[in-house]
Chemist: 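Before I ask anything, here is the structure I am working with.
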Amino acid sequence: DAPPHRHSSDIAIDKSIGKAIALHNHSEFRRFGPVEDALLLWNTKNVEYALGANISDLSMKFWDSDERHAFEGDHVLLKQGYSSVIKHMKSKLEDRGDKFKCLLDFPVGKIEYAIKSETMEYPVDPERQSKNMIELSDTCRITSKDGQQSHKFDFIVSTLPLGVMKESIRNDVDSSAKVVFDPALPFCKVDAIENTGFGLLNKVYIQFAEPFWRRSSIFSEDQTLFGNASGLNPHHYMFFDVGKSLGRNNDAPPVLMTLISGKEAAKSEFLSDEELLGEVLATLRKLFNPTMVKEPITYKITRWGADEFSRGCYTFLPPGATDQDFQILQSPINGNGDSLALEGSETMRMFWAGEHTTALHPSMAHGAMLSGIRAAKEVLSTITFSYKDRAGFERVIPMAIFRKKNPSIKLQCSLCHKTGSTVKEGSLLAFQKGSRQVLAHNNCGENSPEVEVRDGNWRHIIRAINRGKQINCTMCGKIGATIGCTHEHCFRSFHFSCAQDSGWRFERDGKVYFCDLHCTYANHGDNECDQISTAFFKMKRPSAMLKCNFCGKLGGDSKRGKILAFQQRDRQLLVHDKCARYTNVMETIEDPTSLSDTDFKNLFLIMKRTNSCHACSEKGATIVCGDSSCNRCFHFTCAEDDGWDFAKKGTHFKCSQHRQARLKAAPGTGLVQSSPPMGLPANLFQHNLFFHGAQTMTNGNDETKMPRSAKSGLAVNDKMGSPTANNGATHATQPLQRYMDADSDTRYS
């Protein structure tokens with residue numbers, strides 16, 4: 001149901017995991033029992049709670065794109081609540097006297113930001129004489145919902161929650177029941193509001209006469225939370241001891257709080273207090289002795305979805321949205337449109353802040369606070385802005401805007417001509433200067449010699465694209481080769497990826513490029529090598545066959561992996577991926593500056609340590625038995641034929657003779673021989689967590705390019721940990737670790 005410019009190859013987390021399970025046939029899932037299923041579901045809910053959305057609604061590529069910007073340190077609980085922060089900030093502003101005014105009891109009904117009015121000069125002030133400041137103008141006006149109050153302003157900073165914004169753009173909501181913008185918000189703003197998700201997280205606080213849970217022998221004295229992995233009401237997945245969380249041990253009030261997120265939170269808002277309270281008590285009576293769980297003294301339930309000033313809780317990115325949507329949501333506007341699409345000389349009048357306007361810390365309170373500081377700086381820079389400072393700069397615009405304006409243009413880099421974002425070339429970015437819009441990969445543009453990038457501002461990218469139209473690449477022959485060899489007598493030019501394929505590493509070697517004929521290898525260690533492309537290998541050695549120097553086999557295959565090429569000064573080497581990855585005569589060292597996970601630095605050293613294979617007697621064996629009394633060596637495939645599973649057991653190889661000796665020395669260890677893969681069991685997806693993706697794989701109908709949108713707000717920041725079973729209750733232990741690479745994939749069909 002997403003518009004064409006939102007179609008994406010991205011899919012939801014549940015579908016992605018389901019596809020992986022089906023594709024790789026993970027047999028361990030087949031052995032899951034009720035306890036494992038319950039723990040898997042618990043971890044899923046733990047993922048979902050931080051963004052208030054289910055894994056079926058979260059983008060696989062962007063759901064945790066802010067993780068790289070996360071602050072270090074522990075999570076903290078403000079004992080006096082967030083209102084204490086607001087009160088402190090308000091008191092500081094009140095110290096400024098008449099320059100600050102706080103209007104309360106003023107529900108906003110209408111926001112105008114393009115009123116025609118006369119301008120006036122600033123009052124005479126010697127300090128302002130030298131500054132190029134825009135004129136004052138009551139261009140903006142805010143009117144209360146009842147229409148009885150209104151105030152004019154020069155600028156407006158909107159911190160309306162995304163849920164309220166979603167309601168404001170709906171045509172089926174009466175204007176008297178929503179915030180109205182005049183003029184209507186520009187397309188790009190509405191598009192981002194409509195397609196970015198807004199989650200929901202509700203809490204139920206219950207106060208008991210006695211803290212029965214603290215008397216349980218399974219909890220430590222300082223434990224403040226426990227999980228529910230009983231299988232009953234799994235949406236109440238975690239309980240917090242609020243009294244202890246406030247730091248009081250002896251007289252800590254017996255108050256528990258439970259969380260509900262995503263679709264379950266939305267459904268809970270339609271339950272009565274008694275029904276919802278009954279769910280929580282039933283869950284606690286499942287976890288503890290039912291006689292211990294008495295009726296509560298009092299309770300409090302949040303319903304943020306129904307709150308007209310919130311309409312939800314946390315921003316999240318569903319499939320079809322990208323981290324560029326945060327840029328659109330924070331971009332200022334005026335009566336002519338959005339700053340991302342307008343010329344830099346226009347004065348913006350309306351600015352935006354809130355957790356939904358920051359790509360660095362979305363869904364976070366500190367993100368909201370930092371966005372307010374950023375918006376204030378934007379207003380100040382607008383007042384004192386010198387437009388000539390941006391001369392020659394191109395603006396990066398969101399891909400959604402480019403795709404809307406250029407629906408028939410193929411999404412490919414104007415320099416290397418590759419489609420979409422790639423690991424090597426980086427994110428595909430859209431640039432605009434005047435009325436012209438172009439596309440280029442981040443690395444292709446940034447490493448062109450004339451291009452400057454300062455504080456996120458790009459200069460001369462269009463000049464580089466124009467120059468590249470006249471230059472063919474030495475390696476691939478295509479136009480767009482803007483990276484030339486710096487040697488004074490060399491006229492060879494390359495694309496970014498072709499230059500990388502020749503062994504140059506821009507992060508290590510710098511932007512001043514020398515081709516392989518003139519490179520001095522000054523930054524290379526004596527025993528280091530760099531990965532090169534097989535195309536470059538063939539260019540250097542056109543008569544050589546693509547044969548692995550370890551196992552001696554030609555070409556790549558599914559068993560050994562693809563064939564990789566490496567270079568050490570004027571020497572080249574070929575090796576299969578798995579032959580290199582699983583060698584153990586010495587540890588393979590990966591290149592930290594490389595964009596590839598197959599760039600090994602010490603393969604020429606390893607080549608010197610190869611031996612004859614015990615199984616086939618051929619040279620090039622690099623996998624040695626780990627038994628101290630054994631000197632047998634094997635090729636990768638010979639070691640697998642000997643019964644070793646590298647994917648599960650790693651490089652700590654032992655030949656079959658010494659594995660058998662170990663088993664005989666320890667009889668009755670209870671080792672179970674796993675059965676061979678048999679296809680997907682029926683009970684693998686009994687919780688429907690990952691069934692959607694697996695079903696498309698088992699049916700042979702891969703629907704990865706189907707669009708999804710989040711037009712209604714219905715998540716992870718692992719504040720809890722992984723559970724261990726104990727009568728259905730769980731302990732929170734070490735935080736879950738997540739390592740996901742987020743890109744700006746803009747491919748679609």
Side-chain angles (χ1 to χ4, degrees), residues 3-7 186-192 322-325 327-328 330-348 385-422 425-473 478-484 493 495-497 744-748:
H5 67 280
R6 285 284 176 175
H7 289 196
F187 160 78
C188 57
K189 189 74 70 176
V190 173
D191 182 64
T322 74
D323 50 2
Q324 289 186 341
D325 282 303
Q327 180 188 3
I328 302 175
Q330 78 172 47
S331 60
I333 62 176
N334 66 16
N336 296 326
D338 195 290
S339 62
L340 294 170
L342 297 174
E343 288 298 314
S345 59
E346 293 205 32
T347 301
M348 297 297 112
F385 194 68
S386 177
Y387 301 116
K388 62 183 179 181
D389 292 343
R390 286 190 58 85
F393 281 89
E394 293 94 350
R395 288 179 295 125
V396 179
I397 62 174
M399 192 62 65
I401 296 177
F402 180 91
R403 289 166 69 171
K404 177 68 176 178
K405 187 174 181 180
N406 308 279
S408 61
I409 293 181
K410 191 175 182 179
L411 297 183
Q412 66 178 23
C413 176
S414 300
L415 294 171
C416 73
H417 312 292
K418 293 182 181 179
T419 303
S421 300
T422 69
E425 286 81 6
S427 299
L428 184 64
L429 304 176
F431 298 90
Q432 177 173 310
K433 186 175 183 180
S435 60
R436 186 178 178 187
Q437 295 180 347
V438 297
L439 297 173
H441 285 121
N442 183 86
N443 291 331
C444 294
E446 187 171 358
N447 291 291
S448 295
E450 64 265 64
V451 175
E452 302 174 29
V453 184
R454 293 184 298 177
D455 299 326
N457 297 313
W458 290 69
R459 193 172 188 177
H460 303 321
I461 182 69
I462 292 180
R463 180 186 297 180
I465 291 173
N466 291 338
R467 180 173 65 87
K469 291 178 179 179
Q470 308 170 43
I471 307 174
N472 294 86
C473 178
K478 297 179 180 179
I479 62 171
T482 57
I483 300 174
S493 292
H495 297 113
F496 166 79
S497 59
S744 297
D745 189 356
T746 53
R747 290 170 290 180
Y748 70 104

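Because only heavy atoms are used, hydrogens play no part in the values below, and waters and symmetry mates are left out as well, while side chains stay in. All values derive from a computational prediction rather than experimental measurement.
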Chemist: For the CD atom of Gln470 and the CD1 atom of Ile479, what is their distance to the nearest 0.5 Å?
Modeler: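 So the CD of Gln470 and the CD1 of Ile479 are separated by 9.5 Å.
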Chemist: At their closest point, which heavy atom of Ser448 faces which heavy atom of Leu415, and how far apart are they?
Modeler: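 For Ser448 and Leu415, the tightest heavy-atom pair comes out as OG-CD1, 4.1 Å.
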Chemist: Report the distance from atom CD1 of Ile333 to atom CG of Leu340, rounding to the nearest 0.5 Å.
Modeler: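 Between Ile333 CD1 and Leu340 CG, I get 11.0 Å after rounding to 0.5 Å.
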Chemist: Thinking salt bridges, do Lys189 and Asp325 make one under a 4.0 Å N-O criterion?
Modeler: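 Answer for the salt bridge query: no.
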Chemist: With a 4.5 Å limit on heavy-atom distance, are the side chains of Ile401 and Phe187 in contact?
Modeler: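 Not in contact.
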Chemist: Around atom CZ of Arg467, are there more than 12 heavy atoms from other residues, nucleotides or ligands closer than 6.0 Å?
Modeler: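 Yes.
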Chemist: Could you tell me whether the side chain of Glu450 reaches within less than 4.5 Å of the side chain of Ile461, counting heavy atoms only?
Modeler: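 No - every pair of side-chain heavy atoms lies 4.5 Å or more apart.
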Chemist: Any side-chain heavy atom of Gln437 sitting closer than 4.5 Å to one from Ile397?
Modeler: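 Yes - at least one pair of side-chain heavy atoms lies under 4.5 Å apart.
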Chemist: Checking the side chain of His495 only, and the main-chain atoms of Asn472 only, is there a donor and an acceptor separated by less than 3.5 Å?
Modeler: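 Pair absent, no side-chain N/O of His495 close to backbone of Asn472.
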Chemist: So, Thr322 side chain and Gln324 main chain: donor-acceptor pair closer than 3.5 Å or not?
Modeler: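 A pair under 3.5 Å: yes.
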Chemist: Testing the basics here: between Ser339 and Met348, what is the closest heavy-atom pair and its distance to 0.1 Å?
Modeler: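 In this case the closest contact between Ser339 and Met348 is CB-SD, 3.5 Å.
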Chemist: Is there a donor-acceptor pair under 3.5 Å between the side chain of His441 and the backbone N or O of Gly420?
Modeler: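 A pair under 3.5 Å: yes.
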Chemist: For Glu452, which residues count as a salt bridge (charged side-chain N to carboxylate O under 4.0 Å, His left out) partner, sequence neighbours excluded?
Modeler: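 With neighbours one apart ignored, the set is empty.
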Chemist: Just by modelled atom types, is the Phe431 backbone N or O under 3.5 Å from a matching donor or acceptor in the Arg395 side chain?
Modeler: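 No.
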Chemist: So, is the end of the Lys433 side chain (NZ or CZ) under 6.0 Å from the ring centre of Phe393 and within 45° of the ring's axis?
Modeler: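 Lys433 over Phe393 ring: no.
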Chemist: Please answer whether the main-chain N or O of Phe496 pairs with a side-chain N or O of Glu425 as donor and acceptor at a distance below 3.5 Å.
Modeler: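 Absent.
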Chemist: For the residue pair Ser331 / Asp338, report whether a side-chain donor-acceptor contact shorter than 3.5 Å exists.
Modeler: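 Distance-only check passes for Asp338 and Ser331.
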Chemist: Is Asn466 reaching over with its side chain to a backbone N or O of Arg463, donor-acceptor style, under 3.5 angstrom?
Modeler: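 No; judged by distance alone, with no hydrogens or angles, the pair does not exist.
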Chemist: Please find the pair of heavy atoms, one from Ala440 and one from Ile465, that lie closest to each other, and give the distance.
Modeler: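 Minimum heavy-atom contact is CB-CD1, 4.5 Å.
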Chemist: List the atom of Pro407, the atom of Lys404, and the distance in Å for their closest heavy-atom pair.
Modeler: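 Answer, listing the atom of Pro407 first, then Lys404: CD-O, 3.7 Å.
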Chemist: Check whether any side-chain heavy atom of Asp191 sits under 4.5 Å from a side-chain heavy atom of Ile328, and report yes or no.
Modeler: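 Not in contact.
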Chemist: Check whether Ser414 reaches the backbone of Leu439 with its side chain - one donor and one acceptor, N or O, closer than 3.5 Å.
Modeler: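 Yes, the answer is positive, given that a donor and an acceptor are paired below the 3.5 Å cut-off.
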Chemist: Could you give me the CA-CA distance, side-chain angles and deciding distance for Cys413 and Leu428, then say whether side-chain contact (heavy atoms from CB on, under 4.5 Å) is met?
Modeler: CA-CA 7 Å; Cys413 176; Leu428 184 64; 4.1 Å; yes
Chemist: Search all heavy atoms of Trp458 against all heavy atoms of Val396 and return the closest pair with its distance.
Modeler: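 Result for this residue pair: CD1-CG2, 3.6 Å.
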Chemist: Please confirm whether the backbone N or O of Lys418 pairs with a side-chain atom of Thr422, one donor and one acceptor, at under 3.5 Å?
Modeler: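 Looks like no, no N/O pair under 3.5 Å.
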Chemist: Return the CE to OG distance between Met399 and Ser421, rounded to the nearest 0.5 Å.
Modeler: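 OG of Ser421 is found 6.5 Å from CE of Met399.
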Chemist: On a heavy-atom basis, which atom in Ala464 and which in Val451 lie closest, and how many Å separate them?
Modeler: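 Here Ala464 and Val451 meet closest at CB-CG2, 3.8 Å.
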Chemist: When you look at Glu346 and Asn334, which way does the side chain to side chain donor-acceptor pair (under 3.5 Å) test go after all the steps?
Modeler: CA-CA 8 Å; Glu346 293 205 32; Asn334 66 16; 3.0 Å; yes
